[in-house]
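Heads up, the thing below is written out as structure tokens.
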Amino acid sequence: MMNGEQERMRQLKAQLRARMSRIRGSIPPERHVSLSGRACGHAAAWLIGEQIRSMLIYVPFRSELDTKPLVEEAWRAGIDVYVPRCLPEDRSMTIHLLQQWDELKTGAYGIMEPDPRRRPAEADDFVPEAVIMPGLAFDLNGGRLGYGGGYYDRLHERFSSGGKRRGPRWAGIGFGEQVVEQVPMETTDARLQVLITEQGVRKMNGEAEDGTDAF
Ligand SMILES: Nc1nc2c(c(=O)[nH]1)N(C=O)[C@@H](CNc1ccc(C(=O)N[C@@H](CCC(=O)O)C(=O)O)cc1)CN2
Ligand SMILES: Nc1ncnc2c1ncn2[C@@H]1O[C@H](COP(=O)(O)OP(=O)(O)OP(=O)(O)O)[C@@H](O)[C@H]1O
């Protein structure tokens with residue numbers, strides 16, 4: 001049974017999803033390309049500066065920020081690129097190395113995902129050094145709103161249960177206009193450590209703030 005608080009939270013999130021998908025969906029194509037390119041440039045500089053050698057990143061669908069320039073920059077820089085494949089049955093994800101675009105095919109929800117016959121999943125205990133997440137909305141305290149599948153929340157739980165090892169850096173990437181005052185958050189919702197937009201890289205929640213590039 002859902003209690004009143006949960007029901008209210010569900011409604012708040014649904015309203016914000018609807019509003020933010022309209023906003024994100026109305027960015028004109030040319031601006032979408034240029035903002036995506038700028039955000040990807042900031043993301044690449046951050047990854048390289050932090051000496052991150054592996055990242056999990058989404059392949060965009062609907063009007064999500066286009067990560068293609070970042071993936072290609074990572075390939076050039078020798079950073080291993082991993083992409084998730086979702087299993088709607090239990091809302092889990094498997095993680096697959098991506099070395100070229102033709103390793104993808106249309107998967108669940110119409111998202112381009114790794115073809116498991118071409119590239120088997122990494123072991124369950126594999127943890128990348130960074131996770132770069134999409135979202136409908138973000139806030140400056142690490143709040144993030146996704147499509148409501150809870151996929152990244154489950155992944156966060158899995159990556160955090162490995163014991164001593166340092167977990168991945170959790171970063172969100174999106175357009176400046178997706179940043180809101182406050183995303184409604186529940187206790188199971190994972191908070192981001194880094195927010196990347198066309199305006200720069202902002203470190204939050206325990207990531208040391210050095211002031212460079214922060215917006
Ligand atoms: N590019 C990309 N890949 C991703 C995600 C993402 O947000 N972006 N996900 C991040 O989690 C996971 C997929 N999550 C999804 C969850 C729900 C829906 C979806 O279509 N939901 C319906 C409503 C479903 C319902 O509640 O009945 C909708 O939005 O119309 C799509 C993807 C894994 N891969
Ligand atoms: N670790 C978890 N294990 C099981 N269920 C979870 C977990 N984390 C979240 N959930 C459930 O998943 C559902 C969706 O969560 P939420 O609305 O936070 O998704 P989201 O962050 O918007 O989506 P996504 O992570 O897929 O982009 C909620 O009903 C939530 O209770």
Side-chain angles (χ1 to χ4, degrees), residues 1-25 32 36 39-40 43 55-71 81-96 98 101 103-116 121-122 124 128 131-139 141-162 167-168 170-175 178-180 182-193 195-196 205:
M1 256 306 272
M2 245 197 245
N3 65 35
E5 182 61 29
Q6 285 170 316
E7 174 58 21
R8 197 181 120 71
M9 184 61 86
R10 197 187 59 78
Q11 280 180 11
L12 275 174
K13 285 187 173 185
Q15 277 171 15
L16 189 59
R17 272 188 196 104
R19 181 159 74 86
M20 299 311 289
S21 49
R22 270 197 308 277
I23 290 176
R24 202 184 60 189
H32 192 283
S36 293
C40 286
M55 67 167 171
L56 177 70
I57 190 163
Y58 67 94
V59 177
F61 86 134
R62 298 181 184 161
S63 56
E64 286 173 342
L65 185 141
D66 188 2
T67 51
K68 188 171 179 232
L70 177 54
V71 169
V81 175
Y82 294 86
V83 170
R85 174 169 184 265
C86 46
L87 307 170
E89 308 87 75
D90 64 355
R91 297 192 170 184
S92 66
M93 298 198 280
T94 52
I95 295 173
H96 304 252
L98 184 75
W101 293 114
E103 292 166 351
L104 300 173
K105 62 167 190 169
T106 306
Y109 309 109
I111 300 172
M112 292 298 285
E113 294 184 332
D115 179 350
E122 295 300 311
D124 285 346
V131 179
I132 301 192
M133 283 172 284
L136 282 162
F138 303 96
D139 69 32
N141 277 313
R144 167 186 170 270
L145 182 73
Y147 281 112
Y151 281 96
Y152 283 100
D153 295 334
R154 284 183 185 77
L155 194 69
H156 186 263
E157 200 167 81
R158 175 172 134 203
F159 286 163
S160 309
S161 63
W170 294 89
I173 192 167
F175 303 106
Q178 292 177 255
V179 180
V180 300
Q182 192 170 15
V183 173
M185 291 288 278
E186 294 162 87
T187 48
T188 54
D189 291 339
R191 282 185 186 275
L192 306 176
Q193 297 163 331
L195 178 58
I196 303 160
N205 297 318

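Predicted, not measured: the structure shown is a model, and the values here were computed from it. Read the numbers this way: they start at 1 and go in the same order the structure lists the ligands and their atoms.
Residue Asp189 places at least one N or O, backbone or side chain, under 3.5 Å from an N or O of ligand 2. Close N/O approach between Gly150 and ligand 2 is found [any backbone or side-chain N/O within under 3.5 Å].
To the nearest 0.5 angstrom, Tyr152 atom OH is 8.5 Å from Tyr58 atom OH. How far CG of Leu195 is from CE of Met133: 10.0 Å, rounded to the nearest 0.5 Å. Rounded to the nearest 0.5 Å, atoms CD (Glu64) and OG (Ser36) are 10.5 Å apart. With rounding to the nearest 0.5 Å, the separation of CE in Met93 from CG in Leu87 is 9.5 Å. Note that CD1 of Ile132 is 5.0 Å distant from CD1 of Ile196, once rounded to the nearest 0.5 Å. Between the CG atom of Leu136 and the CZ atom of Arg19 there is a distance of 11.5 Å, given to the nearest 0.5 Å.
With a 4.0 Å cut-off on non-hydrogen atoms, Arg144 touches ligand 2 through its side chain and not its backbone. Contacts between Arg17 and ligand 2 below 4.0 angstrom, taking non-hydrogen atoms only, involve the side chain exclusively.
Of all atoms in ligand 2, listed by their number and element, those nearer than 4.0 Å to a heavy atom of Lys13 are 16 (P), 17 (O), 18 (O). For ligand 2, the atoms lying closer than 4.0 Å to a non-hydrogen atom of Glu157 are 1 (N). Of all the atoms in ligand 2, the ones that sit under 4.0 Å from a non-hydrogen atom of Gly148 are 13 (C), 14 (C), 17 (O), 19 (O), 20 (P), 22 (O), 23 (O). In summary, the atoms of ligand 2 found under 4.0 Å from a heavy atom of Tyr147, numbered by their order in the structure, are 22 (O), 23 (O), 27 (O).
Of the protein's non-hydrogen atoms, Thr188 OG1, 4.7 Å is the one closest to atom 30 (C) of ligand 2. Nearest protein heavy-atom neighbour of atom 8 (N) of ligand 2: Asp153 CB, 3.2 Å. The single protein non-hydrogen atom nearest to atom 25 (O) of ligand 2 is Tyr152 N, 3.0 Å, given as residue, atom name and distance.
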Check each N or O atom of ligand 1 against all protein N or O atoms and list the pairs under 3.5 Å, with atom names and distances to 0.1 Å, one per line.
residue	atom	partner	partner atom	Å
ligand 1	1 (N)	Val59	O	2.7
ligand 1	1 (N)	Glu64	OE1	2.8
ligand 1	7 (O)	Glu64	OE2	3.4
ligand 1	8 (N)	Glu64	OE1	3.3
ligand 1	8 (N)	Glu64	OE2	2.7
ligand 1	20 (O)	Arg62	NH2	2.9
ligand 1	29 (O)	Arg62	NH1	3.3

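For the pair Trp101 and Lys68, the minimum side-chain heavy-atom distance is below 4.5 Å. In this structure, Asp153 and His156 have side chains that are not in contact, with every pair of non-hydrogen atoms separated by 4.5 Å or more. Proximity of Glu7 to Arg10: side-chain heavy atoms (C-beta onward) are separated by under 4.5 Å at one or more points.
Under the 4.0 Å distance rule, the nearest protein heavy atom to atom 22 (O) of ligand 2 falls inside the cut-off. At least one protein heavy atom sits closer than 4.0 Å to atom 14 (C) of ligand 2.
Side chain of Arg191 to backbone of Asn141: a donor-acceptor contact under 3.5 angstrom is found.
Ring geometry for Trp170 against Phe159 counts as tilted: the plane angle lies between 30° and 60°, on a 0 to 90° scale.
Here atom 2 (C) of ligand 2 lies nearest to Arg154 when heavy atoms of Arg154, Met185, His156 are compared.
Between the side chains of Gln11 and Gln15, no donor-acceptor pair of N or O atoms lies under 3.5 Å.
Salt-bridge annotation for Glu5 and Arg8: absent, with no side-chain N of the basic residue lying under 4.0 Å from a carboxylate O of the acidic one.
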